Student: 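The structure's right below; bear with me while I get my questions together.
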Amino acid sequence: MKLRLSLIFLVLCLSCENDPTNRNPFLQEVGFNFEVNLNLPLYTNLNNIGNPVYIDNANVGTRGAFVMKTSLDSFFAFEASCPNHVPNACSTMTIDGQNVVCSCEDFTYSLFTGQLLDRPDDGNRYYDLLFYNTRVSGNSIIISN
């Protein structure tokens, strides 16, 4: 009986494990659900692979999101606020081709992978872009977190 209770306790502890080391301390993970209608002129660039669009909407993430079609049937969406410092006056990134750049320290991130492309080799921890879920529904993309 004691062994059985110990095993149940162990399983519960392991299943509830939360790894705080992956959590970005600079960005709050805001819950939202936003529909992007690909028929609207504002989003026509998303009909072609590799053409990112900035969604500047108060109901999307912290500072909006960058969305890009990455293959024939998939899209990636990332938070528009630089992931390596607290949101401030210079932290909303700008599109540069298929990358985004943070003007605070000129970090460049790929919209195909979300990775920081020019990661300093100084021993500090740097974060990649905060990824948002995307789902295609008819002629719309649903972005959520």
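It should be emphasised that the depicted structure is a prediction, and the values quoted were computed from it without experimental measurement. The residues of the chain are indexed from 1 along the displayed sequence.
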Student: Examine the side chains of Ser140 and Glu35 and answer whether a donor and an acceptor come within less than 3.5 Å of each other.
Tutor: yes

Student: Give the other cluster members for Leu38, using side-chain heavy-atom distances under 4.5 Å between Ile, Leu, Val, Met, Phe, Trp and Tyr residues; answer none if it is isolated.
Tutor: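 Leu27, Phe32, Phe34, Val36, Leu40, Leu42, Tyr43, Leu46, Val53, Ile55, Val60, Val67, Phe75, Leu130, Tyr132, Val136, Ile141, Ile143, all in the cluster of Leu38.
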
Student: As a test of understanding, state which of Ile142, Asn133, Asn59 forms a side-chain contact (heavy atoms from CB on, under 4.5 Å) with Asn33.
Tutor: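 Going through Ile142, Asn133, Asn59 one by one, the side-chain contact (heavy atoms from CB on, under 4.5 Å) with Asn33 is satisfied by Ile142 alone.
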
Student: Over all heavy atoms of both residues, which pair between Arg23 and Gln28 is shortest? Give the atoms and the distance, please.
Tutor: NH2-CA, 4.0 Å

Student: Who passes side-chain contact (heavy atoms from CB on, under 4.5 Å) against Thr108, sequence neighbours left out?
Tutor: Asn99, Val101, Leu117, Asp118

Student: Output all residues satisfying side-chain contact (heavy atoms from CB on, under 4.5 Å) with Phe78, sequence neighbours left out; order by chain, then residue number.
Tutor: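 Applying side-chain contact (heavy atoms from CB on, under 4.5 Å) to Phe78 gives Phe76, Leu111, Leu129, Phe131.
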
Student: Is it the case that atom CG in Asp121 sees more than 12 heavy atoms from other parts of the structure closer than 6.0 Å?
Tutor: no

Student: For residues 97-145, which residue pairs pass the disulfide bond (SG atoms under 2.5 Å apart) check, not counting sequence neighbours?
Tutor: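 Those involving residues 97-145 are Cys90-Cys104.
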
Student: If we only count heavy atoms from C-beta on, is the Asn51 to Met68 side-chain gap below 4.5 Å?
Tutor: no

Student: Not counting sequence neighbours, which residues clear salt bridge (charged side-chain N to carboxylate O under 4.0 Å, His left out) with Arg119? List them please.
Tutor: Asp128

Student: Test of understanding: with side chain to side chain donor-acceptor pair (under 3.5 Å), list the residues that count as partners of Asn145, not counting sequence neighbours.
Tutor: none

Student: Applying salt bridge (charged side-chain N to carboxylate O under 4.0 Å, His left out) as the test, list every pair that has at least one member in residues 57-71; sequence neighbours left out.
Tutor: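 Qualifying pairs, neighbours excluded: none.
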
Student: Of all heavy-atom pairs between Thr62 and Val30, which one has the smallest distance, and what is that distance?
Tutor: OG1-CG2, 4.1 Å

Student: Among residues two or more places apart or on two chains, list those pairs meeting ring-ring contact (aromatic ring centres under 6.0 Å, His included) that have a residue in residues 85-107.
Tutor: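 Checked against ring-ring contact (aromatic ring centres under 6.0 Å, His included) - neighbours excluded - the pairs reaching residues 85-107 are Phe107-Tyr126.
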
Student: Could you tell me which non-hydrogen atom of Phe66 sits nearest to which non-hydrogen atom of Met93, and how far apart they are?
Tutor: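 Heavy atoms only, the tightest pair is CZ-O, 3.2 Å.
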
Student: Heavy atoms only: give me the nearest Ile95-Gly97 pair and the separation to one decimal.
Tutor: CG2-O, 3.4 Å

Student: Output every pair passing disulfide bond (SG atoms under 2.5 Å apart) with a member in residues 49-81, not counting sequence neighbours, ordered by first then second residue.
Tutor: none

Student: Using the disulfide bond (SG atoms under 2.5 Å apart) rule, collect all pairs that involve residues 31-88, keeping only residues at least two apart or in two chains.
Tutor: none

Student: Taking side-chain contact (heavy atoms from CB on, under 4.5 Å) as the definition, give me every residue that meets it alongside Phe26, ordered by chain and number, with sequence neighbours left out.
Tutor: Asn24, Val86, Tyr127

Student: What are the two closest heavy atoms between Ser74 and Ser71, and how far apart are they?
Tutor: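 Distance-wise, the nearest heavy atoms are OG-OG, 2.6 Å.
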
Student: Output, in order, the C-alpha distance, side-chain angles, deciding distance and verdict of side-chain hydrogen bond (donor to acceptor under 3.5 Å, both in side chains) for Tyr109 and Asp96.
Tutor: CA-CA 10 Å; Tyr109 302 84; Asp96 181 19; over 6 Å; no

Student: Thr44: which residues meet the side-chain contact (heavy atoms from CB on, under 4.5 Å) condition with it, sequence neighbours left out?
Tutor: Asn47

